[in-house]
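Read the structure below first, then the notes.
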Amino acid sequence: MAADTLKSTTGAGGGAAAVRRLLLDNGALTALIVLLIAMSALSGDFLTTDNLLNVGVQAAVTAILAFGVTFVIVSAGIDLSVGSVAALSATVLAWSATSHGVPVVLAVVLAVATGIAAGLVNGFLIAYGKLPPFIATLAMLSVARGLSLVISEGSPIAFPDSVSHLGDTLGGWLPVPVLVMVVMGLIAAFVLGRTYIGRSMYAIGGNEEAARLSGLRVKKQKLAIYALSGVFAAAAGIVLASRLSSAQPQAADGYELDAIAAVVIGGASLAGGTGKASGTLIGALILAVLRNGLNLLSVSAFWQQVVIGVVIALAVLLDTVRRKAGAAPVAAGTGGGGKGRQAVTYGLAAVVTVAVVGATSFLHSGSSSTSNPKVGLALSTLNNPFFVQIQSGAKAEAKKLGVDLTVTDAQNDASQQANQLQNFTSSGYDAIIVNPVDSDAAGPAVRAADKAEIPVVAVDRGVNKATTNTLVASDNVAGGELAAKTVAEKLGGTGKIVILQGQAGTSAARERAEGFAKGLKAFPGIQVLAQQPADFDRTKGLDVMSNLLQAHPDVQGVIAANDEMALGAIKALGSKAGKSVQVVGFDGTPDGLTAVTNGTLYASVAQQPSELGRIAVDNALKAVQGKKVAETVKVPVKVVTEENVAGFTG
């Protein structure tokens, strides 16, 4: 049983009414056309073959996830676990193939089976356990992410080369992720429009009780629906890991929201009963075009989130207006004549888009490019004061040297950073500065820049399996050793400490932890009571330290992998901080140095982040000018205590 198509009741409205009806019935497509035209007019870098292919690649993972979510939303459900299931499936593939010698084909089968298993658990909890879909899939979100971290031990796992080719191109120009996206989209459209289970989805979403009374086995259908969502999540995880050449335990974090947004923007109703694969694809492309275009226009990542939120709200508002106007999206597989009209609509839209976009290209054809070198700075996050200081130092030096600097924020998402690096490359930037979320994951995008002969400067963290002109960094391992030595010496060589680790899977967390371990080897009298991640976050540092104090009230020292976590620990320790418990942080941020001055933070291993940013821009410009740059530029770390903090400037 499928949702009925509501016929238009306006028969004599003339051309204006017909156009209005066309726009209302194809709101997502209209929005995509407007976006393409606007971005082409605003940015001369948007309308290039390389950049348009980038948009397709960047939409691929979200679209594949969203196709699976479409099945769930059409049946009036929700699946919040797809991002975590994607990460878990990719981790299972990499772990089984590389760590345990499982044949790659069998490892791929295991990855897909992992997605199916997660979907079946979701379906069972919802259909037979009577849990609300929101609660059941929220639980799976946490379970799948936790299992991914357990299996990988918090570190990325190299992906098998044979599978990594999914992230490559065919013929040197056609991206494989785009082909996979198209294939998965066709499969989703076939399932929705031509199969019994597809018709069941619309029936359950339209009226579950009526579907049950008509003889449909609703519980078994829900099992199949959520299992299908798991299959698509597994496919998305494999494609994402292939692009990054590694399975990241924190990959696809938050992607479930993008997937749901793509489905809703594409015209599906969260109430169920409507939705189609083509609309979902358009929704994913809208999100990708928005992010790509806003990056090219140097719009802050924070404002990008605002814009995307507004777009989602407008999409739902348009759906409301459409329904009030007497039209509803056509359920896939219903209405014979509707198929022909839909094809004509899409064809007409393509012609109009090409014509108008082609015309807007003349706006840029005669414009002269700026004489200033264009440099892109891809930071891992701007939610951390350390990286904000890198940005400040880089901007100050760029202004001094006459460099046009564009800064992007990956928000600790390796995939998003790969997209940003690809945007810099396709837009023909003169040089790129990258502060990798993960050294392995940044490799493929940096190799693409190398191939385009664009100089690349790595800052704070290196890039693996790719060539960079120089690495501007302090030594995280050496800094970790200094932190361990500082707290051990303060405790007189004996004592009980805890270690707050950084975000699992990031290069900085691994390297600093390695330094802590090396430094403590020289002090056998120091006992490590516990080591727990707090994700470089002050609030999590407060929570984790509060929990550890319950189990270890006799702690005498704390080593934190950054100042933010150290400040959270100080808050949890209260009056003990700086007196009975000595805390050592890392980074030398302004708030950290203030705590050193106040005596609550005993020391911070300062990396002089502003200097890192300044030197990175300086070396990028030298590389653009063809001047020789050192392979590695080391900015010395310094232990800052109450004794020398007054003279430290950062």
Side-chain angles (χ1 to χ4, degrees), residues 57-58 60-62 64-65 82-115 118 144-145 147-170 175-181 183-184 230-253 255 410 412-419 421-422 434 436-448 450-451 461-466 504-507 510:
V57 172
Q58 292 165 21
V61 173
T62 298
I64 296 169
L65 281 176
V82 289
S84 297
V85 172
L88 176 59
S89 299
T91 300
V92 167
L93 194 163
W95 173 75
S96 57
T98 60
S99 301
H100 295 275
V102 175
V104 171
V105 174
L106 182 56
V108 171
V109 172
L110 287 174
V112 174
T114 299
R145 184 68 65 185
L147 288 174
S148 178
L149 289 165
V150 168
I151 293 170
S152 66
E153 296 181 351
S155 298
I157 305 175
F159 225 50
D161 291 337
S162 56
V163 187
S164 288
H165 290 312
L166 285 174
D168 296 339
T169 57
L170 290 179
V176 176
V178 174
L179 292 179
V180 177
M181 174 181 69
V183 170
M184 298 304 287
V231 169
F232 278 73
I238 294 170
V239 171
L240 176 58
S242 300
R243 284 193 63 207
L244 302 177
S245 294
S246 61
Q248 305 275 327
Q250 294 284 12
D253 187 20
Y255 279 35
N412 278 325
D413 183 342
S415 175
Q416 187 170 334
Q417 185 169 68
N419 294 341
L421 292 171
Q422 286 181 328
V434 57
V437 172
D438 180 79
S439 298
D440 292 319
V446 172
R447 288 198 296 271
D450 293 338
K451 186 177 180 181
R461 307 164 189 164
V463 180
N464 296 337
K465 298 181 181 179
T506 59
S507 305
R510 294 197 304 273

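Predicted, not measured: the structure shown is a model, and the values here were computed from it.
Between Arg461 and Val437 the shortest heavy-atom distance is NH1-O, 3.6 Å. Between Ala60 and Pro177, the closest heavy-atom pair is CB-O, 3.6 Å. Scanning both residues, Pro436 and Gln417, for their nearest heavy atoms gives CA-OE1, 3.3 Å. Scanning both residues, Val463 and Ala442, for their nearest heavy atoms gives CG1-C, 4.0 Å. Considering every non-hydrogen atom in both Gln422 and Arg243, the closest pair reads OE1-NH2, 3.0 Å. Taking each heavy atom of Ala466 and Arg447 in turn, the nearest pair found is CB-CG, 3.7 Å.
Applying the side chain to side chain contact (heavy atoms under 4.5 Å, CB included) rule to Pro249 yields the partners Ser148, Leu149, Ser152; only residues at least two apart in sequence or on another chain are considered.
Counting heavy atoms from C-beta on, the side chains of Ser89 and Val85 come closer than 4.5 Å. For the pair Gln250 and Arg145, the minimum side-chain heavy-atom distance is below 4.5 Å. Annotation: side chain of Gln248 is not in contact with side chain of Asp253 (no heavy-atom distance under 4.5 Å). Contact of the Tyr255 side chain with the Asp413 side chain is registered, since non-hydrogen atoms from C-beta on lie closer than 4.5 Å.
A distance of 10.0 Å separates CD1 of Ile157 from CG of Leu93, quoted to the nearest 0.5 Å. Once rounded to the nearest 0.5 Å, the distance linking CZ of Phe159 with CD1 of Ile238 reads 6.0 Å. Interatomic distance, OG1 of Thr114 versus CD1 of Ile151, reported as 7.5 Å (0.5 Å rounding).
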Residues 97-110 side chain polar contacts: donor-acceptor under 3.5 Å, at least two apart:
residue: Thr98; atom: OG1; partner: Ala94; partner atom: O; Å: 2.5
residue: His100; atom: NE2; partner: Trp95; partner atom: NE1; Å: 3.2

Please report the C-alpha distance between Lys465 and Ser245 in whole Å, then the side-chain angles of each, then the deciding distance to 0.1 Å, and finally whether the side-chain contact (heavy atoms from CB on, under 4.5 Å) criterion is met.
-> CA-CA 10 Å; Lys465 298 181 181 179; Ser245 294; over 6 Å; no

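Partner of Pro156 under the side-chain contact (heavy atoms from CB on, under 4.5 Å) criterion, chosen from Asn464, Thr506, Asp438: Asp438.
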